Novice: 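Dumping the structure here so I can ask a few things about it.
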Amino acid sequence: MKVFLSLFILMSSVASLAAPSTSIMSAEERKAMAQRWGGMLQTDYATSLYDQEDGSKSTAMDFKGEISYKLTRNYKVKFHLDATQDLQHQEDSDLGMASLGLSHSKIKVANQLFLLTPSTSIRLPISRADQRASFITAVSVELNTAINPSYLISKKLDLSISLGATRYVHTYSEAENGDINTQYKLSQAWYRVWMFTDWLGISAEVDHINAWDYNGIQKEFYAHAEEIDFTLNKNWALAVGHQYGLTSVWAANQQDYNFNLVDEQNSLVFGQVTYTF
């Protein structure tokens, strides 16, 4: 854990010290650094695709916020915060996740065929759920690999995969409800975005997660989401879509795979509004 924290602090320090004086920057570098601050505000309303009228229906509003600052042309720090308001059970409304991250700008490799974006982040304990799990922190590293659109059939097509690893730290291996806390997690996410026009597109995401608890027991999950995206202008965007999961890859017998597009328990439909600056 100390190694990860030291690495994060070192990267931040080096990036800050590496910031060149604007007097010796090239025109391209000055343009890249002209807008150091950026951010995003997002809210969405999600409800169960099926109402079984047995009290299991889920309805909630999620809120996300990010603010970022360019340390140099290549390095950027970001603070992320999210929260959920449960509209069915108000007592379950809670803060979600807070994190502080450091990312590098896209690195072009293999004759610019692949665009690599490495990042690292530290998660902060802020929610009641974190407290019940005696959560202290988590350190993550991630590498997003995108195919340069110039090599695809259309420059409006975006294909990428993200690989991540997370180490969790808790005071106790067991949460208040008796569940064993997660210690390690490996994640893979596949993204596909196709913008038909400057304002209309579709996107899909598939997530796969392997997690190990403090007893070394592995669990495997998957999720997927499909969206129709509307870009109103450079700041505002809307989306409507379907989300499935996070659900176990395995069926109840632990032998058969459990892959579904929709079902009565895990499917949500949502509407989303995003403002970026």
Side-chain angles (χ1 to χ4, degrees), residues 1-19 32 38-40 42 64 66-82 96-124 137-152 155-169 182-195 203-212 218-225 227 243 245-246 249 276:
M1 176 62 189
K2 292 182 179 179
V3 173
F4 283 115
L5 289 175
S6 299
L7 177 62
F8 185 88
I9 294 170
L10 177 61
M11 290 177 67
S12 299
S13 301
V14 170
S16 180
L17 291 173
M40 177 272 292
Q42 184 180 91
K64 297 180 181 180
E66 289 183 358
I67 187 166
S68 63
Y69 180 77
K70 289 183 180 179
L71 297 172
T72 71
R73 181 184 174 187
N74 292 320
Y75 287 97
K76 178 170 65 176
V77 292
K78 178 176 67 176
F79 177 74
H80 173 95
L81 177 67
D82 62 46
M97 181 185 73
S99 65
L100 180 64
L102 175 68
S103 62
H104 194 284
S105 59
K106 289 182 174 62
I107 303 171
K108 300 176 182 179
V109 299
N111 198 28
Q112 301 190 9
L113 172 59
F114 298 109
L115 309 176
L116 309 181
T117 306
S119 62
T120 183
S121 64
I122 297 174
R123 182 177 158 189
L124 310 174
T137 189
V139 179
S140 300
V141 291
E142 184 175 312
L143 178 65
N144 182 274
T145 303
I147 300 178
N148 192 328
S150 300
Y151 286 84
L152 300 175
K155 291 186 178 181
K156 294 183 179 295
L157 180 62
D158 183 1
L159 297 176
S160 63
I161 181 173
S162 181
L163 305 176
T166 302
R167 170 65 161 94
Y168 294 89
V169 180
T182 298
Q183 187 176 23
Y184 298 100
K185 182 179 76 175
L186 295 178
S187 60
Q188 309 89 45
W190 293 267
Y191 304 94
R192 177 176 179 174
V193 181
W194 197 329
M195 297 300 296
S203 61
E205 175 183 347
V206 179
D207 298 280
H208 177 261
I209 293 174
N210 297 94
W212 291 263
Q218 180 187 178
K219 294 182 179 180
E220 194 172 1
F221 305 94
Y222 79 102
H224 58 79
E227 290 183 10
Q243 179 179 325
L246 201 63
V249 167
T276 57

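Numbering of residues begins at 1 and proceeds along the displayed sequence. What you are looking at is a predicted structure, and each value in this text was computed from that prediction instead of being measured.
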Novice: side-chain contact (heavy atoms from CB on, under 4.5 Å) between W194 and L152: does it pass, once the steps are laid out?
Specialist: CA-CA 11 Å; W194 197 329; L152 300 175; over 6 Å; no
Novice: Enter the distance from M97:CE to H80:NE2 here, rounded to the nearest 0.5 Å.
Specialist: 4.0 Å
Novice: Walk me through whether V139 and T166 qualify under side-chain contact (heavy atoms from CB on, under 4.5 Å).
Specialist: CA-CA 6 Å; V139 179; T166 302; over 6 Å; no
Novice: Quick one: closest heavy-atom pair of T120 and S140, and the distance?
Specialist: OG1-O, 2.9 Å
Novice: How long is the span from the CD atom in E66 to the CE atom in M40, to the nearest 0.5 Å?
Specialist: 4.0 Å
Novice: Can you tell me how far CZ of R192 sits from CD1 of I161, rounded to the nearest 0.5 angstrom?
Specialist: 15.0 Å
Novice: For residues V77 and L71, determine if any side-chain heavy atom of one lies less than 4.5 Å from a side-chain heavy atom of the other.
Specialist: yes
Novice: Just wondering, do F114 and K108 contact through their side chains at under 4.5 Å, heavy atoms?
Specialist: no
Novice: What heavy-atom pair brings K106 and T117 nearest, and what distance separates the two atoms?
Specialist: CG-OG1, 3.4 Å
Novice: Sub-3.5 Å donor-acceptor pair from the side chain of D207 to the main-chain atoms of Y222, do we have one?
Specialist: no
Novice: Whether the Y168 and K185 side chains hold a donor-acceptor pair (N or O, under 3.5 Å, no angle test) is what I'd like checked.
Specialist: yes
Novice: Heavy atoms only: give me the nearest Q112-N148 pair and the separation to one decimal.
Specialist: O-ND2, 2.9 Å
Novice: With a cut-off of 6.0 Å (strictly less than), are more than 12 heavy atoms of other residues, nucleotides or ligands near NZ of K155?
Specialist: no
Novice: Minimum heavy-atom separation for P118 and S105, please, with both atom names.
Specialist: CD-O, 4.4 Å
Novice: Assess whether side-chain contact (heavy atoms from CB on, under 4.5 Å) is satisfied between N210 and Q218, documenting all intermediate values.
Specialist: CA-CA 7 Å; N210 297 94; Q218 180 187 178; 2.8 Å; yes
Novice: Flag the pair E205 / H224 as yes when at least one side-chain heavy-atom distance between them is below 4.5 Å, and no otherwise.
Specialist: no
Novice: Donor-acceptor check, side chain of T72 to backbone of N74, threshold 3.5 angstrom: yes or no?
Specialist: yes
Novice: Does the side chain of L246 reach to within under 4.5 Å of the side chain of I209, using non-hydrogen atoms?
Specialist: yes
Novice: Say whether Q188 and S162, considering side chains only, have a donor N or O and an acceptor N or O under 3.5 Å apart.
Specialist: no
Novice: Do the non-hydrogen side-chain atoms of Y151 and L159 ever get within less than 4.5 Å of each other?
Specialist: no
Novice: CZ of R167 to OG1 of T182: how many Å apart, nearest 0.5 Å?
Specialist: 11.5 Å
Novice: Which value, rounded to the nearest 0.5 Å, describes the distance between K76 atom NZ and K70 atom NZ?
Specialist: 7.0 Å
Novice: Find the distance between OG (S121) and CG (L102) and round it off to the nearest 0.5 Å.
Specialist: 10.0 Å
Novice: Are V206 and Y191 side-chain neighbours, meaning at least one heavy-atom pair lies under 4.5 Å?
Specialist: no
Novice: I'd like to know whether T145 forms a side-chain contact (heavy atoms from CB on, under 4.5 Å) with L115, so could you lay out the CA-CA distance, the side-chain angles of the two residues, the decisive distance to 0.1 Å, and finally the verdict.
Specialist: CA-CA 6 Å; T145 303; L115 309 176; over 6 Å; no
Novice: Can you tell if the side chain of W190 reaches within under 4.5 Å of the side chain of H208, non-hydrogen atoms only?
Specialist: yes
Novice: Report yes if some heavy atom in the side chain of V193 is under 4.5 Å from a heavy atom in the side chain of L157; otherwise report no.
Specialist: no
